[in-house]
Amino acid sequence: MSETALTFSPDQAEAHDRIVEMLRGVGVDLDEGALTPPRDGKSAVMAVVGKAGSGKTLLLAALYHALTEAGLEIVSGDYEGRKRRDRRTLAILAPTNKAASVLRLRGVPATTIHRILYTPVYHPEYEKIAEWLAGQGTRPAIEGLTDLALDRALAFYQTTRSIPGALAVAGLRGSDFITGWKRREEPLDIGFVDEASMLDAQQLTDLREIFPTLLLFGDPAQLPPVKSTGGMVFEALPAPAKLTLSRVHRQDAGNPILDLAHALADPALDFPQFEAMVEEAARRDERVRWAERVEVDLMARSPVLVWRNATRIRLIHAFRAVHGAPETELLPGEPLICDGIELPLKHRKKRIDLEARGLIKGAQVVYLGPGNRPGFSRLHVIGAEDPQVSAASIVKIEKPDEAEPFIPFAANMGATFLHGAAVTIHKAQGSQWRAVQVFAPDIDVAARMGRIEAGQPLWKRLAYVAITRAEERLHWVVRNRLSKPTVPLTVEDLRARPVALELEEEQ
């Protein structure tokens, strides 16, 4: 076992050793720091599973550092260096922009699964900077960029490992150095996938075609994917390939949110007893709040989590009403959720542009204002590495008791959006927010219905997923009431950056 594992708990240390053994079988020896070229036909899949706080992310981060120290090259969604026949690579993936950004904040250079399917095409002049930053070329001399600008780019890259971020610090815009996107044509090497509980069987099959060696990190207590008929993908793996972390490391700090999450494992616990636990936790710890109403100020950046679609629509309608939002337009600062891309096959390049910039289904977006053309919107994609974009948009505002949504404005084709002030708990998987509001009456309804999902009471799975989305504070909302806003909607909290890409409709 390597020295890294000495700081692990026994369950983490055992999982670490089993993973090291798997990697040795595919030519990556972490104990000796030795690499051999990848061998055709050699593959391996393993999963690390555990509930919230069990140390999955800590183990993932430790393995990332060990693999990079051994000489593996990180493949991200923003730049890929010159290919070498004998190189060994690692890509760290998450299903959503938000989940990937959570890992990046912890120093792990993650990207989305979708983004890894596409690689950016760099302008030849600026690609020299990317090669230099990645250690594959000499320091370039670029017309219009001073030595000080290059020094700033290097310092930024050494801290964040982000090529686009480094070039932006040097004073360049994305449209200066990225000229387009192309579909990945060759497989990669080793892949780590966080939030693997969100994967369905087809996505796992697609990933195995790209990554001969795959390590999944997932939470068995979450809700199974909507498309799944057989539970989570790691449940089908044989026992030796499934490593379980049982010790709850973050519980050592007395986190009341995680205390509540793990209390749901008690089969004798019913909903009234659980709510009594929430109320008691709120009395003794400010990180849990027993809320008599939904706080509208939080909804602009942290959606209320609900079970029923009708509840979601009512809350969105109330949010827009208290902010005085007109039916015919959106206000800057309103949150949106990308619901897909409506483009014909002939516009494949435009679809790739949108998806590569983070506008994938489920992406959280903040509306910044109208674009330069009718139907276009300026948007901030939450969690994306280059978050600001202008795109043709179709915005749908759903209303209570109305079958068809109201569309305040729309382009002929482009990215479609629903309002994001409230979202279903299913769609919230893979995301975290500093403060989370959970609409408890919906979970009460699920409990009274007595539904079972994947062998567990549905209300317990809903409650577990919802409360573990909270990083710092949980608001358990017990009444169907909404506060008045104390501040107007704003975009000042979003980092001011120029819109990097204008996606025009073809004539």
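Side chain of Thr416 to backbone of Gly340: a donor-acceptor contact under 3.5 angstrom is found. For the pair Arg104 (side chain) and Ala110 (backbone), a donor-acceptor distance under 3.5 Å is present. Although no hydrogens or angles enter the test, the distance criterion places a donor-acceptor pair under 3.5 Å between the side chain of Arg301 and the main chain of Gly333. Formation of a donor-acceptor pair under 3.5 Å by the Asp297 side chain with backbone atoms of Thr486 is found in this model. Side-chain atoms of Arg451 do not come within 3.5 Å of backbone N or O of Ala446 as any donor-acceptor pair. In this structure a side-chain-to-backbone donor-acceptor pair under 3.5 Å is present from Arg469 to Val465. Looking only at distances, no side-chain donor or acceptor of His16 sits under 3.5 Å from a matching main-chain atom of Leu63. Of the possible polar contacts, one joining the Gln437 side chain to the Glu295 backbone as a donor-acceptor pair under 3.5 Å is found. No side-chain donor-acceptor contact under 3.5 Å links Thr89 to the backbone of Leu188. In this structure, Gln429 contributes its side chain and Leu223 its backbone to a donor-acceptor pair below 3.5 Å.
Contact between Tyr464 and Ala261 at its shortest, heavy atoms only, is CD1-O, 3.5 Å. Here the closest heavy-atom approach between residue Val294 and residue Val304 is recorded as CG1-CG2, 3.5 Å. The minimum heavy-atom distance linking Val26 with Ala44 is given by the pair CG1-CB, 4.5 Å. The two residues Ala463 and Phe274 come nearest to each other via the heavy atoms CB-CE2, 4.4 Å. For the residue pair Arg18 and Ala241, the shortest heavy atom distance occurs at NH2-N, 4.2 Å. Scanning both residues, Leu359 and Ala391, for their nearest heavy atoms gives CD1-CB, 4.1 Å.
Within the 4.5 Å cutoff, the side chain of Leu269 has heavy atoms near those of the Leu264 side chain. Annotation: side chain of Asp266 is not in contact with side chain of Gln273 (no heavy-atom distance under 4.5 Å). At least one side-chain heavy atom of Phe319 sits under 4.5 Å from a side-chain heavy atom of Pro335. Side-chain contact between Leu103 and Phe192: absent, with no pair of heavy atoms (C-beta onward) separated by less than 4.5 Å. Side-chain atoms of Thr213 and Met22, non-hydrogen and from C-beta on, do get closer than 4.5 Å to each other. Pro457 is listed as a side-chain neighbour of Ile452, based on a closest heavy-atom distance under 4.5 Å. Leu494 is listed as a side-chain neighbour of Leu368, based on a closest heavy-atom distance under 4.5 Å. In this structure, the side chains of Leu243 and Glu14 stay at 4.5 Å or more apart for every pair of heavy atoms.
Salt bridge present: Glu280 and Arg283 bring a charged side-chain N and a carboxylate O closer than 4.0 Å. Between Asp194 and Lys56, none of the side-chain N atoms (NZ, or NE/NH1/NH2) sits under 4.0 Å from a carboxylate O, so this pair counts as no salt bridge. Electrostatic pairing of Lys396 and Asp339 does not count as a salt bridge here, judged by no charged N lying under 4.0 Å from a carboxylate O.
Tested against Glu398, the residues His419, Arg312, His317 include a single side chain to side chain donor-acceptor pair (under 3.5 Å) partner, Arg312. Only one option out of Gln203, Arg208, Gln202 pairs with Asp206 in a side chain to side chain donor-acceptor pair (under 3.5 Å); it is Gln202.
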Report the C-alpha separation of Phe234 and Leu204 in whole Å, then their side-chain angles, then the decisive distance to 0.1 Å, and conclude whether the side-chain contact (heavy atoms from CB on, under 4.5 Å) test is met. CA-CA 9 Å; Phe234 46 73; Leu204 179 60; over 6 Å; no

Under the criterion side-chain contact (heavy atoms from CB on, under 4.5 Å), I'd like the reasoning laid out for Leu330 against Arg320: C-alpha separation, chi angles, the key distance, then a yes or no. CA-CA 9 Å; Leu330 291 175; Arg320 301 199 79 235; 3.8 Å; yes

Could you go through the side-chain contact (heavy atoms from CB on, under 4.5 Å) check for Val48 and Ile19 one step at a time? CA-CA 9 Å; Val48 177; Ile19 294 166; 3.8 Å; yes

Show your working on side-chain contact (heavy atoms from CB on, under 4.5 Å) between Arg434 and Glu471 and close with a plain yes or no. CA-CA 5 Å; Arg434 291 182 61 187; Glu471 293 178 337; 3.7 Å; yes

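The local environment of CZ in Arg308 is crowded, with over 12 non-hydrogen atoms from other residues, nucleotides or ligands closer than 6.0 Å. Within a 6.0 Å radius of CD in Glu292, other residues, nucleotides and ligands contribute more than 12 heavy atoms.
Relative ring orientation between Trp476 and Phe271 is described as tilted, the plane-to-plane angle lying within the 30° to 60° band.
The distance from the CG atom of Leu474 to the CZ atom of Arg289 is 11.0 Å, given to the nearest 0.5 Å. Taking CD of Glu21 as the start and CG of Asp31 as the end, the distance is 10.5 Å to the nearest 0.5 Å. To the nearest 0.5 Å, the span separating CG on Leu462 from CD1 on Ile425 amounts to 4.5 Å. Expressed to the nearest 0.5 Å, how far OG of Ser483 lies from CE of Met299 amounts to 9.0 Å. Glu275 contributes atom CD, which lies 10.5 Å from atom CG of Asp270 (distance to the nearest 0.5 angstrom). Note: Asn97 CG to Thr111 OG1 = 8.0 Å, rounded to the nearest 0.5 Å.
No side-chain donor from either of Asp219 and Ser197 sits under 3.5 Å from a side-chain acceptor of the other.
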